[in-house]
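Report on the structure given below.
Just the heavy atoms: all of them, side chains too, but no hydrogens, waters or symmetry mates, feed the values below.
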Amino acid sequence: MPRKIRELIKDLEAAGFSNRGGKGDHRNFVHPNVSRPVTIAGKSGADAKHYQEKAVRLAIEESRR
């Protein structure tokens with residue numbers, strides 16, 4: 001069962017990412033140790049796509065280096 005968008009956002013915020021806003025239902029999260037922003041699109045209650053889960057996982061790993 002796929003995770004929800006709100007769960008991905010919660011994981012990013014727990015890892016120290018901050019939401020710099022976006023347009024519509026897009027949100028851009030930045031972290032000082034990550035080279036590029038992570039964009040999450042979709043309503044908070046929607047199921048996350050597999051590529052969104054992967055992007056969040058890789059960004060969190062990069063932020064810990």
Let me confirm one number: the [atom1]-[atom2] distance from [X] to [Y], rounded to the nearest 0.5 Å.
X: K10; Y: I5; atom1: NZ; atom2: CD1; value: 14.5 Å
X: N33; Y: I60; atom1: CG; atom2: CD1; value: 13.0 Å
X: F17; Y: I9; atom1: CZ; atom2: CD1; value: 13.0 Å

For the residue pair [X] and [Y], establish whether any side-chain heavy-atom pair is separated by less than 4.5 Å.
X: L12; Y: I40; result: yes
X: R20; Y: P37; result: yes
X: R27; Y: V38; result: no

* Asked: Please walk me through it: do K4 and E7 pass side-chain contact (heavy atoms from CB on, under 4.5 Å)?
  -> CA-CA 5 Å; K4 299 292 183 184; E7 295 171 353; 4.2 Å; yes
* Can you tell me if E62 uses its side chain to pair, donor with acceptor, with the backbone of S35 under 3.5 Å? ->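 Yes, E62 side chain to S35 backbone: donor-acceptor pair under 3.5 Å.
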* Consider only side-chain N and O atoms of N28 and T39, and report whether a donor and an acceptor are under 3.5 Å apart. =>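 Yes, T39 and N28 have a side-chain donor paired with an acceptor closer than 3.5 Å.
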* Give the C-alpha distance, both sets of side-chain angles, the deciding distance and a yes or no for side-chain contact (heavy atoms from CB on, under 4.5 Å) between K49 and Q52. => CA-CA 5 Å; K49 308 287 187 205; Q52 291 173 317; 3.6 Å; yes
* Asked: Taking all non-hydrogen atoms of both residues, which atom of R6 and which atom of G45 are closest, and how far apart?
  ->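 It is NH1-CA, 3.3 Å.
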* Locate the shortest heavy-atom distance separating A48 from P2; write the atom from each residue and the value. =>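 Where A48 meets P2 most closely, the heavy atoms are O-CB, 3.8 Å.
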* Short N-O contact, R3 and D47, less than 4.0 angstrom ->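 No salt bridge links R3 with D47.
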